[in-house]
Structure formats: structure tokens, C-alpha cells
Amino acid sequence: MSSALLADLRARELVFQVAGEDELPAWLDGGSRTLYCGFDPTADSLHIGHLVPLLMLRRFQQAGHRPLALVGGATGLIGDPSFKDQERKLNTPEVVASWVDKIRGQVSRFIDFDAGANSAEVVNNLDWVAGLDVLAFLRDVGKHFSVNAMIQKESVKQRLDREGSGLSFTEFSYMILQSYDYAELNARYDCSLQIGGSDQWGNITGGIDLTRRMHGAKSFGLTVPLITKSDGTKFGKTESGAVWLDPARTSPYAFYQFWLNTADADVYRFLKYFTFLEVADIDELERADAERSGRPEAQLVLATEVTRLVHGEEGLAAAQRISASLFSGDLAALSETDFAQLKQDGLPSSTVERKALPATLTQMLTEAGMANSGKQVKDALGRNAVLVNGDALSWEDNGSPVEVFAEDRGRYGRYYLTQLGKKKHHLFELL
RNA sequence: GGAGGGGUUCCCGAGUGGCCAAAGGGAUCAGACUGUAAAUCUGACGCGAAAGCUUCGGUGGUUCGAAUCCACCUCCCUCCA
């Protein structure tokens with residue numbers, strides 16, 4: 001069944017590099033194996049860049065293997081230099097510890113802890129690194145590493161070559177720590193496969209080498225490709241920054257919209273990366289979309305699937321509710337409770353007291369987070385791109401929020417669905 | 001410790017005394033076109049409704065006037081020890 005897994009992964013183009021390629025299929029077929037993937041706490045939430053490896057763990061689990069999600073309480077204190085172009089700031093132990101907790105919770109959504117023999121587990125490398133003493137570490141672990149080899153690694157090369165940046169010993173040692181994780185997990189859990197992003201290749205092979213040297217054990221590594229976009233821009237970024245998995249940082253609605261806006265040139269590839277739909281079905285969808293003219297259906301499928309995966313049925317329903325009311329243009333159909341529901345569903349909204357209305361619309365919309373500066377609002381007003389409950393405003397209206405948000409212009413006397421441009425919506429409730 | 005090079009608006013990167021809120025590119029935002037795409041074209045892009053205000057690592061000087069000159073400090077890079 002595992003050769004089938006590998007075949008499926010390849011069909012999805014999810015396999016970038018493999019260490020131990022010749023033996024891996026047979027090894028996987030030989031029984032339920034333990035594998036791991038590490039997630040360093042560099043923020044209080046994971047983002048969609050982490051999604052592919054996360055889903056990868058799940059794919060392996062579905063194929064009968066046991067996934068370990070390693071949260072890097074120790075490595076997060078050091079900072080991974082791999083392909084970073086500059087040294088990173090160190091976070092305090094307290095902060096990292098709090099992030100570890102959050103990320104442990106997030107990771108847990110994707111793998112099954114109650115699957116009998118191949119139940120997943122979350123581990124924290126701080127558990128075995130914290131007690132390590134320096135001399136023992138240098139003698140027992142450091143001795144296995146050749147600096148000559150380490151500086152040959154592609155992942156640190158640009159930092160060594162590049163003018164204007166350097167590489168501290170702290171970050172340089174990261175690879176050793178992560179390698180030690182692998183060796184440790186191998187000893188503790190018989191874990192013999194590590195997966196990760198392609199930027200982790202150097203760390204993974206380092207771990208394989210160390211595992212062999214310390215324990216004489218054979219282990220494997222597999223990386224997933226870097227997710228690229230056809231237009232060359234970085235995947236996972238929006239105007240407002242990264243797309244997070246934490247609903248408090250990126251609402252299910254915004255999350256859904258992110259996927260909905262996937263370019264045609266990327267969407268079928270992304271369906272293979274980010275969903276559990278069969279490859280054949282995705283190909284079929286692509287064919288169907290190509291035959292039809294107009295908007296393809298793939299984005300809708302992608303947004304639906306991934307939102308459900310990350311935010312559950314409820315999150316998906318909320319995202320769909322908001323999207324439908326905002327983009328189908330049928331505002332008049334919204335009932336009073338619908339408005340309340342939209343607020344609850346995560347449509348950006350704010351409550352303003354009538355007597356506390358700002359003097360200008362630029363101020364008001366900027367404060368609401370619809371624009372970064374008054375200039376942008378001004379620009380939009382000048383182009384009839386600001387609408388309140390469907391009516392376009394002009395620059396002349398800027399000084400008179402009181403009239404714009406007058407009671408008789410509101411829905412049910414208090415709701416003002418405001419849009420700036422086509423995609424930015426904000427619901428003002430005036431009291 | 002020594003020698004040299006450098007820190008400019010989100011990023012890259014011009015700018016060596018006034019014409020500089022600071023070239024150019026990228027990113028971003030808005031408009032047209034569309035499918036809530038892509039490509040393309042247009043406009044905006046330090047803050048402010050405006051008057052005006054605040055920027056060029058930091059502090060203090062020189063000067064009518066400084067991102068540009070001087071002093072000190074700080075951070076980074078390269079080479080030497």
C-alpha cells in the first residue's frame with residue numbers, strides 16, 4: 001500500500017528530493033513506519049507555507065504510518081539559517097515556549113491521535129536538548145560533524161558568500177541540533193523518515209548521517225517542493241501579509257478568499273498539493289473547466305476543500321456565507337440577523353457611535369483598516385471606488401461622514417456595508 | 001586589536017551643501033478591461049481633509065540652508081592579527 005502512497009505523491013508532484021530512494025518503497029511496504037516533520041515556533045501560528053508538510057504527515061498516516069509532529073522548542077531558540085539571507089533576532093525563551101503551545105494545538109488538527117498502532121504524537125525537542133550539557137554535546141555530537149562539510153551546504157552558502165550579511169555560530173549550529181533531533185527520535189521512536197520543505201534538505205541529510213554514526217541506523221529523508229506561483233511572486237503572501245492558519249490572525253473568510261483568488265495557471269497544481277481529492281478527479285475537473293468558457297470552477301473547489309480542512313465545516317460555512325452576500329451583490333436581501341451573522345462570521349467590522357464619528361471618511365476608513373493611509377482612500381473616493389450600501393461616494397463626501405452614515409441611509413438604521421474597491425469590505429454599525 | 005567599506009522612504013537602489021519628501025525598479029493600493037482571474041494601460045504610493053508636519057543608523061556641531069560637511073557613538077561587511 002505504501003508504494004501506492006509514493007506513486008500518489010509523485011503524481012501530485014509532492015516529492016522533490018529523496019534520500020535512500022532505492023530502498024524507501026520496500027521499506028515503507030514492509031510495515032507501519034514512523035516518520036516526523038519539524039515545525040519551529042517562529043510565530044504564534046503556522047501559516048499556509050507549513051500546510052504541505054502538515055498534510056504530508058496526514059497522507060502518510062492515512063497510508064498506515066505513524067506521524068510525529070516535532071515542535072521545535074529548542075531549535076526555535078536558535079534560528080534556522082537555511083536559505084535565509086540574514087541573521088535572525090533571537091526570541092526569549094518565554095515567548096518561544098508560548099508559541100510552542102499554540103503550534104502544538106494547531107498541528108494537532110491535522111493528524112489523528114487516536115488511530116491505534118499508528119496514532120500520531122507531538123514531540124518537543126526541548127525535552128531532550130534542554131538537559132544537554134555543552135561538553136557532552138560537543139564531544140558526543142559535535143565530533144561527528146565536519147565544518148568543512150557544513151560550509152559546503154547550499155543552505156548556508158549564500159550567507160557565507162554574501163556581502164552585507166554574516167552567519168553567527170549560533171545559527172550555524174542549528175543543523176547540528178536538528179540532526180541530533182533525528183538521531184534522538186530514531187533511538188526513542190524508531191523514527192526513520194524525516195520529511196520537510198526543500199529548504200530542509202541539508203538539515204535532513206545531516207540528520208541521516210548523524211543517525212548512522214551514532215546509532216548505526218539506516219534512515220530516510222524526503223522533501224516536498226517549494227510552492228511556486230506561475231507569476232513568480234512568492235506563494236502565501238497577501239497585501240496584509242502571510243496567510244495564517246490561526247483564525248484569529250486570518251479569518252476563515254479571508255482564508256477562503258485567498259484560495260479563491262488562485263491564478264488559473266496554479267489552481268490544478270494546488271489542488272494536488274493541498275487537497276485529498278484524487279488526482280484523476282482533479283484532472284477531470286481541469287478538462288471540464290477547459291471546455292467551458294468563463295470562470296473555472298477549480299478555485300471554488302480548492303477554496304472549499306482547504307478551508308474545510310483548516311477551519312472545519314463551520315469555518316467554511318461562515319466563509320461561504322460572507323462571500324455569497326458580498327460578491328453576489330444582493331445586499332437588499334440581507335435581513336437584520338444576517339448582518340449580525342456576518343459580523344460574527346468574521347467579516348471585518350466595527351461599531352461606531354454616531355456622536356463619535358470622525359471628521360473625515362479618510363480617517364474613518366483608515367482607522368477601520370480598509371486602507372493604509374488617507375491617500376489611498378482619497379484616491380479611491382476620486383474614482384468612485386468607495387461604496388456604502390451599494391452607493392458610490394465621491395471626494396466631496398469626505399468631510400461629511402454624518403450625512404453618509406445618516407440613519408435613513410443605513411440598513412435597518414444602523415448597518416453600513418462599505419467597500420473600497422472590489423474586494424475590501426467592512427461593515428460599520430452605527431449606534 | 002589594526003586597515004578598509006557600508007547603514008537612504010516596504011524591498012532593491014540613485015543621490016556628495018539649496019532645484020530633495022528624495023531618481024529608477026520592484027512590491028502594494030485604486031481605476032479601465034475581465035471571471036472577485038492573467039496580461040495590458042492609467043493613477044496613487046512618508047503623514048495629514050487642508051494648512052502644514054516628520055524623514056535619509058543615533059547624538060551633537062558647522063552653515064542663511066545638510067541625506068549630503070565635521071565630531072563622537074552604534075550596527076553590519078571584508079581583509080589582516
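In this text the structure is predicted, and so the values were computed from the model without any measurement. Lettering of chains follows the sequences in order, A, B, ..., and the numbering in each one begins at 1.
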Atom NZ of A:K424 and atom C1' of B:rA30 are separated, to the nearest Å, by 8 Å
query: Which part of the nucleic acid does A:G399 contact within heavy-atom distance under 4.0 Å: base, sugar-phosphate only, or nothing?
result: nothing
Of the listed B:rG35, B:rU36, B:rG43, the closest approach to the A:D379 side chain comes from B:rG43
Check: Which whole number of Å gives the distance between the C1' atom of B:rA14 and that of B:rA3?
Finding: 28 Å
From the candidates B:rA49, B:rG48, B:rU36, the one with an atom nearest any side-chain atom of A:S373 is B:rG48
Atom CG of A:N372 and atom C1' of B:rC10 are separated, to the nearest Å, by 10 Å
Answer for the Watson-Crick or wobble partner of B:rG48, both distances under 3.5 Å, is none
request  = Determine the Euclidean distance between corresponding P atoms of B:rA66 and B:rG18; express it in Å to zero decimal places.
outcome  = 11 Å
Suppose you measure atom P in B:rG4 against the same atom in B:rC72; what distance do you get, rounded to whole Å? 14 Å
Handout entry: Pair A:D44 + A:R249, salt bridge at N-O below 4.0 Å
Key = yes
query = Taking atom types as they are modelled, is there a donor-acceptor pair under 3.5 Å from the base of B:rU36 to the side chain of A:Q257?
reply = yes
Between OH of A:Y253 and P of B:rU36 the distance, given in whole Å, is 13 Å
note: A:Y268, atom OH; B:rA38, atom P; distance rounded to Å ~ 15 Å
Exercise for the section: Decide, yes or no, whether a salt bridge links A:R10 with A:E21 under the criterion of side-chain N to carboxylate O below 4.0 Å. Expected result: yes
In terms of side-chain heavy atoms, does A:Q376 have a donor or acceptor partner in A:D379 at a distance below 3.5 Å?
no
- Query: Say you pick atom C1' in B:rC80 and the same atom in B:rG65; how far apart are they, in whole Å?
  - Reply: 43 Å
* With the threshold set at 4.0 Å, does a side-chain nitrogen-carboxylate oxygen contact exist between A:D289 and A:R292? -> yes
Walk me through whether A:R414 and A:E336 qualify under salt bridge (Lys or Arg N to Asp or Glu O under 4.0 Å).
CA-CA 10 Å; A:R414 57 196 176 115; A:E336 194 164 1; 3.0 Å; yes
Assign each of A:N384 and A:R295 the nucleotide of RNA chain B bearing its closest heavy atom; nearer the 5' end lies the nucleotide of A:N384
pair_partner(B:rC20), Watson-Crick or wobble, both distances < 3.5 Å, evaluates to none
Considering only heavy side-chain atoms of A:S323, the closest of B:rC29, B:rG35, B:rU36 is B:rU36
Partner of B:rU63 under the Watson-Crick or G-U wobble criteria, both distances under 3.5 Å, comes out as none
When rounded to whole Å, the CD to C1' distance for the pair A:Q376 and B:rA27 reads 13 Å
Any side-chain N or O of A:K423 less than 4.0 Å from the OP1 or OP2 oxygen of B:rA37? yes
Applying the 3.5 Å cut-off to both distances, the Watson-Crick or G-U partner of B:rU55 turns out to be none
Worksheet item: Between B:rG15 and B:rA23, how far is it from one C1' atom to the other, in whole Å?
Response: 8 Å
Mate of B:rU9 across any strand shown (Watson-Crick or G-U wobble, both atom pairs under 3.5 Å) is none
Out of B:rC29, B:rG31, B:rA49, minimum distance to the side chain of A:R383 belongs to B:rG31
Quick note, A:K375 side chain, CB onward, closest among B:rC47, B:rG35, B:rU42 is B:rC47
Q) Using the C1' atom in both, what is the distance from B:rU8 to B:rA67, to the nearest Å? A) 7 Å
* Evaluation steps, salt bridge (Lys or Arg N to Asp or Glu O under 4.0 Å), between A:K229 and A:D266 -> CA-CA 6 Å; A:K229 291 205 297 180; A:D266 296 321; over 6 Å; no
Legend entry - Nearest-Å distance once atom P is located in both B:rG17 and B:rC70: 12 Å
- Query: Are A:R12 and A:D8 within salt-bridge range, i.e. N to O under 4.0 Å?
  - Reply: yes
Looking across every strand, which nucleic acid part, if any, lies under 4.0 Å from A:T362 by heavy atom: base, sugar-phosphate, or nothing? sugar-phosphate
Regarding the side chain of A:K422, the nearest nucleotide among B:rC29, B:rA49, B:rG31 is B:rG31
Rounded to whole Å, the CZ-C1' distance (A:R269 to B:rA37) equals 16 Å
Partner of B:rG1 under the Watson-Crick or G-U wobble criteria, both distances under 3.5 Å, comes out as B:rC80
A:S45 versus A:Q106, side-chain donor and acceptor atoms under 3.5 Å: yes
If pairing means Watson-Crick or G-U wobble with both distances under 3.5 Å, then the partner of B:rU40 is B:rA32
Separation of B:rG31 atom P from A:L393 atom CG, nearest Å, is 14 Å
**Request:** For nucleotides B:rG26 and B:rG13, find the distance between their C1' atoms and express it as a whole number of Å.
**Result:** 11 Å
On RNA chain B, more 5' by nearest nucleotide between A:Y256 and A:A359 is A:Y256
From CD1 of A:I322 across to P of B:rU36 the rounded distance in Å is 18 Å
* Asked: Does a distance-only test, which skips hydrogens and angles, find a donor-acceptor pair under 3.5 Å between the side chain of A:D264 and the base of B:rG35?
  -> yes
- prompt: Hey, does A:L420 reach any base, or is it just sugar-phosphate, or nothing, if we go heavy atoms under 4.0 Å?
  reply: sugar-phosphate
